[in-house]
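Structure record follows, encoded as structure tokens.
Here, residue 1 is the first one in the sequence, and each next residue gets the next number.
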Amino acid sequence: MENNILTKIDKLYLLYKAGKLGGEVMPEDSNPNLPKDSSQNYLYFTLPMALNYQRNSYKLWESAYLTYMDSETNFVFFPDKVINAKFEDVQNALTKYKVALQKNKQTEIWIKLCNTIVQYFNGDI
């Protein structure tokens, strides 16, 4: 029995080394390469995760990247700007590249999270 398990482990390892188990690119690798210790980097990786349920993570991070890189929509990654914006503006920015798939519910979640970050962490998590 133990030999059978080791044989399977060896086979899996060889498949991994040959690249047969899938890509080595992680969903969150699609990012704007912000300084690792910056507040903006923390916010970039935190906010979209609030909407990452029952969806393709690769698509979420692609959407987050496009939203961040668009000067008309990237304000959603700045909690102080979000809490001072109109609901519809936040909603339009989050849905333009499909960061939010449920336009009302997920916009509310995003705004509530931004309010929490500003209120309890002074905008810097």
Side-chain angles (χ1 to χ4, degrees):
M1 174 80 165
E2 184 178 316
N3 191 26
N4 189 21
I5 292 172
L6 291 175
T7 301
K8 289 178 180 180
I9 290 171
D10 286 338
K11 185 174 182 178
L12 280 171
Y13 180 71
L14 291 173
L15 289 169
Y16 166 75
K17 293 294 276 181
K20 303 285 184 184
L21 297 180
E24 293 182 16
V25 175
M26 297 301 293
E28 61 274 13
D29 288 340
S30 176
N31 69 74
N33 295 308
L34 298 163
K36 300 265 187 254
D37 61 349
S38 70
S39 172
Q40 199 54 51
N41 191 57
Y42 303 144
L43 291 167
Y44 179 83
F45 283 104
T46 300
L47 290 167
M49 290 306 296
L51 309 183
N52 190 25
Y53 48 91
Q54 297 184 349
R55 69 182 293 180
N56 181 316
S57 291
Y58 289 95
K59 293 289 187 190
L60 170 67
W61 289 108
E62 177 184 330
S63 297
Y65 177 79
L66 292 171
T67 301
Y68 189 88
M69 298 308 288
D70 185 332
S71 62
E72 294 179 9
T73 59
N74 72 356
F75 75 92
V76 297
F77 289 96
F78 298 84
D80 56 323
K81 292 181 181 180
V82 169
I83 66 169
N84 291 308
K86 290 191 274 185
F87 182 89
E88 293 78 19
D89 293 339
V90 176
Q91 185 178 63
N92 290 336
L94 290 173
T95 58
K96 181 175 181 178
Y97 298 105
K98 299 183 179 173
V99 170
L101 298 178
Q102 300 168 345
K103 67 181 192 172
N104 291 323
K105 180 180 180 181
Q106 292 183 335
T107 301
E108 290 170 5
I109 291 168
W110 193 280
I111 292 171
K112 186 173 185 174
L113 183 55
C114 287
N115 271 313
T116 300
I117 291 169
V118 170
Q119 182 178 355
Y120 293 104
F121 301 99
N122 203 27
D124 182 359
I125 55 172

Look at the side-chain heavy atoms of Ile, Leu, Val, Met, Phe, Trp and Tyr, link any pair under 4.5 Å apart, and say whether Ile5 and Leu12 land in one connected group. no
Backbone N/O of Asp37 and side chain of Asn41: donor-acceptor pair under 3.5 Å: no
If you draw a 6.0 Å radius around OH in Tyr53, do more than 12 non-hydrogen atoms from other residues or ligands fall strictly inside? yes
Tell me whether Gln91 contacts the main-chain N or O of Lys103 through its side chain, where contact means a donor paired with an acceptor under 3.5 Å. yes
ILVMFWY network linking Val99 to Tyr42, side-chain heavy atoms under 4.5 angstrom: yes
Approximate separation, where rounding is to 0.5 Å, of Ser63 OG and Tyr58 OH: 14.5 Å
Kindly give the heavy-atom pair with the smallest separation between Ile83 and Cys114, and that separation in Å. CG2-C, 3.9 Å
Tyr44 side-chain N/O to Tyr65 backbone N/O, donor-acceptor pair under 3.5 Å: yes
Within-4.5 Å side-chain heavy-atom neighbours: Leu101 and Gln106: yes
Common cluster, Phe45/Met49, ILVMFWY with side-chain heavy-atom separation under 4.5 Å: yes
Quick one, Asn92 and Lys96 - any side-chain contact, counting heavy atoms below 4.5 Å? no
Using a cut-off of 6.0 Å, state whether more than 12 heavy atoms not belonging to Phe87 lie near its atom CZ. yes
Is there a side-chain contact between Asn56 and Leu60 in this structure, where contact means two heavy atoms from C-beta onward sitting under 4.5 Å apart? no
To the nearest 0.5 Å, what is the distance between CG on Leu21 and CG on Leu14? 10.5 Å
Under 3.5 Å, side chain of Asn122 to main-chain N/O of Asp124, donor-acceptor pair present? no
Contact check, side chains of Leu34 and Tyr68, non-hydrogen atoms, under 4.5 Å: yes
Hydrophobic cluster membership, Leu43 vs Ile109, 4.5 Å side-chain cutoff: yes
Side-chain heavy-atom pair Asp29, Trp61 within 4.5 angstrom cut-off: no
Does some side-chain heavy atom of Pro48 sit less than 4.5 Å from a side-chain heavy atom of Trp110? yes
Between Asp70 and Tyr97, a side-chain donor and acceptor under 3.5 Å: yes
Determine, step by step, whether Asp89 and Lys86 satisfy the side chain to side chain contact (heavy atoms under 4.5 Å, CB included) criterion, reporting the C-alpha distance in whole Å, the side-chain angles of both residues, the deciding distance to 0.1 Å, and the verdict. CA-CA 5 Å; Asp89 293 339; Lys86 290 191 274 185; 3.6 Å; yes
Are Tyr16 and Lys11 side-chain neighbours, meaning at least one heavy-atom pair lies under 4.5 Å? no
Distance from Asn52 atom CG to Lys59 atom NZ, nearest 0.5 Å? 14.0 Å
Does any N or O in the side chain of Thr73 come within less than 3.5 Å of the main-chain N or O of Ala93, such that one atom is a donor and the other an acceptor? no
State yes or no: do Phe75 and Ile117 share one hydrophobic cluster built from I, L, V, M, F, W and Y residues joined by side-chain heavy-atom distances below 4.5 Å, directly or via other members? yes
Quick check for you: to the nearest 0.5 Å, what is the distance between Glu62 atom CD and Thr67 atom OG1? 10.0 Å
Report yes if the side chains of Ile125 and Ser39 come closer than 4.5 Å at any heavy-atom pair, otherwise no. no
